[in-house]
Amino acid sequence: MAAWLDILSDTTGSSLVDTGRFEEIIQGMSHPNSQYPSLVYFAGNGNRIKALQALFPHNNVTRKGPAGLIRAHLSTATAHTEHPVIFAESNPFSQAGVGDSCLLRWSGDRHRRYPLALGKSQPLADLQQEVIRHKILPWTQVLCFFVDTASDMRNVQQLLDAPTGTLSIGASHIHGMMRVVIVLSGNPQTEAHDADDDFELPSAWLGQHRITVLNIRDRSGLSPSVAFDPLRSLVLEQIQETQSLQKEKCLSFSAVHLSALWGRGLQLRMGSSNPANLDCLLVAREGYKRKPAMVSCFVELKSQFASSACPENELYNFIASALLLDAYPPGMHLFEPKMVFNALYRAYCRNAWEGVDAEIVCNKVLHRFIEGFVQLKSKVSADIRHEALVQFHRRWGGLHSTTTCFACMCGPPEHMLPCRHTICDNCVVIYGTKSPRTEYHIDLPKCPICDEAVNLTVRQLPPTKGPIVLSLDGGGVRGIVQLGLLRALERRIGGISIAQVADLFAGTSVEESCAKFPAFARMIFGSPPKHAPKSPISRCATWIKSLACFLADCQYDSERLEDALQRVVDPQRRMFDVTTTSSTGCRVAIITSRTSDGKACVLANYRGMGQREASAAYEFLVPKTADENPHVWKVFFRSKSLPGFGALQDGGVRANNPLAIALKESVVIWPSAKTHDLLLSVGTGSFSSVAKPIEGASRILQDSAIPRMIRATMSSPCMDGEQGFHEALNFVPDVERSNIFRLNHELPEPLPRLDDVSKLEGMSKMHFTVPTELVRTILATAFFFFELDELPIKSQGVFFCKGSVLCSRSYSRDLVKLVMVEFPGARFEMARGQRLGDVDDDDGCRVCGYYRKKVGFSINGLHEMTSIGIAGSSFFQRIGGFPKSVQELLDDQQANSHFGRADHLVNSWPPKRNCYCSPRVKRHIKFLEPALTHKKRRL
């Protein structure tokens, strides 16, 4: 197959066809990541074929086959060199062969079609020249036109005079990279030429193109190799010249990068007939998110520098190394640094330094940025940044912030280390190593800012999986019901802690909480009376005391509440700290409300990479300084004024069921996950009753304004967890409702008051159960997910996919056993019934717990929605991340990250599926010499 591009027309219009020939050529190179090809285009009359035979004699140039619009070959003589030559050939002024790609039946599965917006009315001749000018010429280093007559010259002039597609790096356009050679190849002795056959070049061309005219008409009688020898020398000279120019301007693309840019250029520009520009930098950074928070990071950094004795130059060096980390991850093309800075970062610097000095600061940062770029020849950007961080810390002390990750300065932090430095999830991956425990656990041995040991393991959400969100209602003493439900759920899933199941959660160990909760409640609300009922006078006195406390904004004894909280919670534990003794990754959010206006507020141990709306129904409280990192016991202490936050109170008075907030926050934390895998809302008991009409004087009293307001408030979504759940569910799309569960317990009598500790003993003895459907959903969806192991292969119109079902926890053997109990006859299966294999513990490692089930299936299209799940005899439960298309899986796994990844991971595709155990060493066998009458025994 030599056809590269073609134009096909049908009843729907014309389409540009990419046969995949260019990718085939790239794959045929020995080292495409470190080879930098040049494209030479031979265009014009039949003499181009003779020239190709002479210049590339071993490339089957004359081999018969579909030609299409243009054909492409790889020079066999240069295929294994640093600068291979790809040559293309066609006659852009003839329609012979256009449309032949439809004959490529066996390779048609690789074809990609892009509709042309020009439609049926556009003549084919104009259409093919449009494609050549916009799709071929921008990538061509040497363009050779073979001209015999004046009409040929006019065709060439018309083609070159028309607007062509362009390439740019940000706002900087790439000019003057193509060399044009016009080869006068006719035979003057055998061909008659009119008097007007003038081959002088129009003067307008001299400024638009660099054109060389090569007249070899007098060599027509020589052998082809000799006749075209001047062309060979000229083409080689032009190739070397353009290669030097590209290298000087950092535009020498590797074969892999060139293929990615070429393919993306077809997709981006086929919707318009107008000349278009392809921003190569924008394409290279398609998988990288924009960093609007960088401006606030610069502002905070500037303020901290202003309060220190650090020289101003250190500030510019500090910023430049951070920008270098973001701009040049491993695998990124080394674009010219000035173009990169102007395109990506100049606006951020200008906004951070408003005023007349903004441009001066930008230029100083740019100067350091260019200096750092020079170091990339021997170092990676992460090492350069790490050296800058450690050097600065040793000289001037550390930078501490609860709003900025100073390791990269690209966004908010997610973790506070024991050294009090903060770091984001992305930097955890950059400066950490894959944990030997299980998938997507990262070990961070030391702080990248100060190099102090931290020994932290961070659990991250797999990219192909959605989060598991746990929403807990408020309920005072009825919290014992909630704890009982969670304990019953933990027992059904093998004693696995709920904190290990959820990715967004509020709570501690359930078993421990169940044991401590009654004593904790009695410390806060007081113990029930152990003597005879009080007299009416005593009851009246108690009522008056409670009313006085309520009017004083203190229903219960403040000193007793404060003392109880400090006993239960480590008094030195701060809200935004993270533990260093066990794996973290579970986000914790606590709902409070502001006493001034009652607005719901969120205190959390994370920031989230997504954007929160300014007009949201709740406020996410972020400490501005380290002093505003409150102790945990203060967060739970209602009506306490926390530094930087003001007076806060129990969030139950505003959002007793935080389901709506949990849904929104999960999107902010994991913006790339389109939806959650499971959201479990747990209540604190419910009671079904029918209101009975009240007659007489009691009716008059209970129907007055104050009782009505009290009843309306207590049954409103703000206070009633069940009502809050149903109201929040009204705003959830139908497609996501199947992923939401409500877990509650029906009480046999009206719900006790929030402070009625006399009901604790009875509620703690209740028998709590959880539905089997929920247990199966958690086992399948929370712990198992799927990833592709290689690119899908298309054959005979069907895509064949190979991948692995993986486990997100290290105790996979225990989980598999639970699945086999809850799913009788458990097997992995597609939603449409295709079986993928049984669920058994033979697919997991008995030593390290690594789990991998290799599966394969077929689909009709990459964008077809599909699901993989665990099926039993009569039920099917999808695993994490589904339903999803294979194309979404490829995007999630960054299978096409040809220009590196933001987390600096290298060699991540195709993924390496290895057990985390150390490599097994062949067992040494010793033999004992037995008696002659016995056989040898082997130990």
Side-chain angles (χ1 to χ4, degrees), residues 1-8 16-30 32 35-44 46 48-81 83-92 94-104 106-108 110-114 128-129 131-146 165 177-179 181 235 238-239 242 253-266 270:
M1 179 185 71
W4 176 16
L5 295 179
D6 201 1
I7 296 177
L8 295 179
L16 177 64
V17 177
D18 179 8
T19 66
R21 174 64 175 165
F22 197 84
E23 293 181 6
E24 182 183 45
I25 289 175
I26 300 302
Q27 293 172 2
M29 297 180 183
S30 55
Q35 291 178 281
Y36 303 88
S38 298
L39 177 62
V40 181
Y41 180 25
F42 285 68
R48 75 181 190 279
I49 302 299
K50 298 178 182 179
L52 287 171
Q53 286 179 305
L55 271 61
F56 307 100
H58 305 294
N59 283 90
N60 297 323
V61 176
T62 59
R63 183 177 181 179
K64 293 183 179 181
L69 175 66
I70 187 170
R71 301 204 306 169
H73 295 272
L74 173 65
S75 169
T76 55
T78 62
H80 303 293
T81 64
H83 298 284
V85 175
I86 300 174
F87 63 89
E89 60 88 7
S90 74
N91 187 350
S94 172
Q95 287 74 55
V98 177
D100 284 355
S101 62
C102 63
L103 303 176
L104 296 171
W106 298 109
S107 57
R110 301 176 58 184
H111 291 184
R112 297 186 181 93
R113 300 185 64 165
Y114 304 96
Q128 69 180 101
Q129 291 185 29
V131 171
I132 289 172
R133 290 200 311 271
H134 294 158
K135 308 306 172 189
I136 305 301
L137 298 189
W139 303 102
T140 301
Q141 279 74 49
V142 181
L143 170 61
C144 295
F145 272 118
F146 291 82
M177 303 303 296
M178 183 177 69
R179 300 292 183 264
V181 177
V235 169
Q238 301 281 33
I239 290 176
T242 56
F253 295 109
S254 70
V256 172
H257 288 169
L258 185 62
S259 177
L261 290 170
W262 158 257
R264 190 60 180 143
L266 289 181
M270 293 316 301

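Note that the coordinates shown come from a computational prediction; the quantities given were computed from them, not determined experimentally.
- The shortest non-hydrogen separation linking Ala3 to Gly68 is CB-N, 4.4 Å.
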Derivation of the side-chain contact (heavy atoms from CB on, under 4.5 Å) call for Val131 and Leu16: CA-CA 8 Å; Val131 171; Leu16 177 64; 3.7 Å; yes
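- Aromatic rings from Tyr41 and Phe87 are positioned such that their centres are separated by 6.0 Å or more.
- Between Gln238 and Val181 the shortest side-chain heavy-atom distance falls below 4.5 Å.
- Considering CZ of Arg113 and CG of Asp6, their distance stands at 9.5 Å, rounded to 0.5 Å.
- The closest donor-acceptor contact from the side chain of Arg48 to the backbone of Gly44 lies under 3.5 Å.
- The closest donor-acceptor contact from the side chain of Ser254 to the backbone of His257 lies under 3.5 Å.
- Proximity of a side-chain donor or acceptor of Gln35 to a complementary backbone N or O of Met29 within less than 3.5 Å is not detected.
- Residues that satisfy the side chain to side chain contact (heavy atoms under 4.5 Å, CB included) test with Asp18, not counting sequence neighbours, are Trp4, Leu5, Arg112, Tyr114, Trp262, Leu266.
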Intermediate values then yes/no, side-chain contact (heavy atoms from CB on, under 4.5 Å), Ile86 and Val40: CA-CA 6 Å; Ile86 300 174; Val40 181; over 6 Å; no
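- Remark: the backbone N or O of Ala72 is paired with a side-chain donor or acceptor of Arg21 at under 3.5 angstrom.
- Proximity of a side-chain donor or acceptor of Ser94 to a complementary backbone N or O of Asn91 within less than 3.5 Å is not detected.
- To the nearest 0.5 Å, atoms CG (Leu74) and CZ (Phe56) are separated by 10.0 Å.
- Side-chain atoms of Leu137 and Met178, non-hydrogen and from C-beta on, do get closer than 4.5 Å to each other.
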Verdict with reasoning, Phe42 to Phe146, per ring pair (Phe, Tyr, Trp, His ring centres under 6.0 Å): CA-CA 8 Å; Phe42 285 68; Phe146 291 82; 5.8 Å; yes
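- The nearest pair of heavy atoms linking Leu39 to Gln141 is N-OE1, 2.5 Å.
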Candidate pair Glu89 and Leu52, rule side-chain contact (heavy atoms from CB on, under 4.5 Å), full reasoning: CA-CA 9 Å; Glu89 60 88 7; Leu52 287 171; 3.5 Å; yes
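- The CG atom of Asp100 sits 12.0 Å away from atom OG1 of Thr19, with the distance rounded to the nearest 0.5 Å.
- Residues Gln95 and Gln128 have side chains that bring a donor and an acceptor to within less than 3.5 angstrom of each other.
- The CG atom of Leu55 sits 14.5 Å away from atom NZ of Lys50, with the distance rounded to the nearest 0.5 Å.
- To the nearest 0.5 Å, atoms OG (Ser90) and CD1 (Ile136) are separated by 8.0 Å.
- We find the NZ-CD1 distance between Lys135 and Ile70 to be 13.5 Å, quoted to the nearest 0.5 Å.
- Judged by distance alone, with hydrogens and angles left aside, the side-chain atoms of Ser38 form no donor-acceptor pair with the main-chain N or O of Val85 at under 3.5 Å.
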